[in-house]
Amino acid sequence: MKALFRIFMVCGAIALIGFMFFNTPRENEPLKGPNANSNIIPKNELKQPEMGATTRPKNGMSTLIGQEAKVVLEKYGEPVRKEPSSFGYEWWVYNSDSSKFFMVGVDNKIVTQVYIAGEDLDASPFKVGQKRDDIYRMTIIDYEVTANVGKNIFVFSMSEEDMQTRLLVKFDGLFAQLYIDRETGELQGIRFTNSKTLVLHQPYEMTYQGELVIPTPPSSFLQQEINAANAEQLDDLINVTRVQHDLTPLKIDESLEEVAKMHSEDMKVHNFLAHESPTNGDLKKRLETQGIEYSGANENLATDYFDAIEAMHGWLNSPEHRNVILNEKYTTVGSGVFLNYYTQIFLEASSQKLDSENNDSEEPVENIDESSQ
């Protein structure tokens, strides 16, 4: 009997350890974006690169750049959302179909940029899913690209990393940022932009001659709206990314969004970049405080990206963060942004919650039957 009792005790201990292990949120290193180290260098005499511009595309969504916003409405209808940005323009978000997902930047009723991630959209001369090697064969690409805003000259220099995952291509009066999936070598998304918007973003190391073009800082109230907009865009982009990789989209959970938002603000206010907060604890503690149940959890953190598009692309090209984004076991996500701090929390639903959801899904059917009798 004593031997049997010891066996039961050992099995119980193993079960307890297993429960604690599998219900402990995973952690990976927070990600710092390229804007953390990009230099902005003024020069009195700037030598422009000799490389010229490629002929501007005559077809596709890049032709929207420079046109009045009403052209977008006539062609694509009203956007699902209109949201402010940190750069003065407004984002129009078209997210009703992942295969046709795109966002349009509008400034003073003029289209200044278009971001395309839907595989069924015309991104000529490029295409979502296109191989990097194919892009290099068909496109003139240089390490340095020049943009002019009035009499001011700006030269962007790409790193080796940029040349593999974040190309900048110059056309006549137009620029294209190509976001490439490092692991698959496929084009994940395309951002077409005019020169002023490119300079406002400062996405690469930059030297310039003349006056620096900078955005007007938003009010504190507007910044709150911008934070919320970036979080919603992260939610859109995570599911577009998962669909591109043949995975099920994640459910958006408002309680989880609140936990993520609080952590992003906490990191900025208390000047740290980590999963464990000095005041609110680690992810497990933060989820427990909000009464959120789960079987497994993980969290992606980032800073120094100028918008949600760049943050999502950075995560996808970081192996640890990519594994979280493309993990089949996660069913729920919540995103939170505060200035340039980004948090995205992933949950694997607990068995208790799944049972509850199954029961809830049956109730409306019963109600419908009763009302129809």
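No experiment lies behind these values; they were computed from the predicted model shown.
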Looking at side-chain heavy atoms only, is the closest gap between [X] and [Y] below 4.5 Å?
| X | Y | value |
| --- | --- | --- |
| V111 | W92 | no |
| L198 | P203 | yes |
| S255 | Q290 | no |
| L174 | N194 | no |
| V104 | W91 | no |
| F126 | T139 | yes |
| L256 | L287 | yes |
| P84 | E90 | no |

So does [Y] get a backbone contact from the side chain of [X], meaning a donor-acceptor N/O pair under 3.5 Å?
| X | Y | value |
| --- | --- | --- |
| K170 | T146 | yes |
| H270 | S277 | no |
| T303 | K32 | no |
| H263 | E258 | no |
| N152 | V149 | yes |
| D266 | M262 | no |
| D253 | G334 | no |
| T63 | G60 | yes |
| N108 | I110 | no |

How long is the span from the [atom1] atom in [X] to the [atom2] atom in [Y], to the nearest 0.5 Å?
| X | Y | atom1 | atom2 | answer |
| --- | --- | --- | --- | --- |
| S86 | L200 | OG | CG | 11.0 Å |
| I180 | N317 | CD1 | CG | 9.0 Å |
| Q177 | D162 | CD | CG | 9.0 Å |
| T332 | F346 | OG1 | CZ | 11.0 Å |
| N340 | K268 | CG | NZ | 6.0 Å |
| E205 | Q202 | CD | CD | 12.0 Å |

*asked:* Please evaluate residues M158 and L168 with respect to the criterion side chain to side chain contact (heavy atoms under 4.5 Å, CB included), reporting the C-alpha separation (whole Å), side-chain torsions for both, the decisive distance (0.1 Å), and the verdict.
replied: CA-CA 8 Å; M158 282 181 282; L168 180 62; 3.9 Å; yes
Side-chain heavy atoms under 4.5 angstrom apart, residues restricted to Ile, Leu, Val, Met, Phe, Trp, Tyr: same cluster for [X] and [Y]?
| X | Y | answer |
| --- | --- | --- |
| L222 | F338 | no |
| F306 | I226 | no |
| L121 | V80 | no |
| I41 | L212 | no |
| Y204 | I214 | yes |

Would you name the heavy atoms of [X] and [Y] that are closest together and state the gap between them?
| X | Y | result |
| --- | --- | --- |
| A274 | P30 | CA-CG, 4.0 Å |
| A260 | G336 | CB-N, 3.3 Å |
| V337 | N227 | O-CB, 3.2 Å |
| M163 | Y136 | O-OH, 2.5 Å |
| P125 | M138 | O-CE, 3.1 Å |
| L167 | I141 | CD1-CD1, 3.8 Å |

*Do Y89 and Q113 have a side chain donor and acceptor closer than 3.5 Å?*
yes
*In terms of side-chain heavy atoms, does T112 have a donor or acceptor partner in D107 at a distance below 3.5 Å?*
no
*Evaluate the side chain to side chain contact (heavy atoms under 4.5 Å, CB included) criterion for residues T54 and D172: first the C-alpha distance (whole Å), next the side-chain angles of each, then the deciding distance (0.1 Å), finally the verdict.*
CA-CA 6 Å; T54 305; D172 290 325; over 6 Å; no
_Set out, in order, the CA-CA distance, both residues' side-chain angles and the distance that settles side chain to side chain contact (heavy atoms under 4.5 Å, CB included) for L347 and Y330, then state yes or no._
CA-CA 5 Å; L347 292 188; Y330 295 125; 5.5 Å; no
*Which residues pass the ring-ring contact (aromatic ring centres under 6.0 Å, His included) test with F101, sequence neighbours left out?*
none
_Applying ring-ring contact (aromatic ring centres under 6.0 Å, His included), can you list everything that pairs with Y143, at least two apart in sequence or on another chain?_
none
*Hey, what else clusters with L301 if you join Ile, Leu, Val, Met, Phe, Trp, Tyr whenever side-chain heavy atoms sit under 4.5 Å?*
M267, F272, L273, Y341
I'd like to know if [X] pairs up with [Y] as an ion pair, taking the criterion as any Lys NZ or Arg NE/NH1/NH2 lying under 4.0 Å from an Asp or Glu carboxylate oxygen.
| X | Y | result |
| --- | --- | --- |
| E288 | K285 | no |
| E299 | R286 | yes |
| K127 | E119 | no |

*asked:* Is it the case that atom CD in E225 sees more than 12 heavy atoms from other parts of the structure closer than 6.0 Å?
replied: yes
*Quick one: salt bridge (Lys or Arg N to Asp or Glu O under 4.0 Å) pairs with a partner in residues 175-193, sequence neighbours left out?*
K131-E186, E161-R182, D181-R322, E183-R322, R191-D307
*Any chance you could lay out the side chain to side chain contact (heavy atoms under 4.5 Å, CB included) test for E74 and E68, step after step, and finish with the verdict?*
CA-CA 11 Å; E74 290 167 358; E68 292 185 12; over 6 Å; no
Give every donor-acceptor pair under 3.5 Å between a side-chain atom in residues 233-244 and any protein atom, sequence neighbours left out.
residue, atom, partner, partner atom, Å
Q233, NE2, E83, OE1, 2.8
D235, OD1, S335, OG, 2.7
D236, OD1, N95, ND2, 3.0
D236, OD2, R81, NH1, 3.2
D236, OD2, R81, NH2, 2.7
N239, OD1, L250, N, 2.6
N239, ND2, L250, O, 3.1
T241, OG1, L237, O, 2.7
R242, NE, T248, O, 2.7
R242, NH1, I325, O, 2.9
R242, NH1, N327, O, 3.1
R242, NH2, T248, O, 3.1
Q244, NE2, A117, O, 3.0
Q244, NE2, Q188, O, 3.2

*Quick one: which residue pairs count as a ring-ring contact (aromatic ring centres under 6.0 Å, His included) with a foot in residues 155-199, not counting sequence neighbours?*
Y179-H313
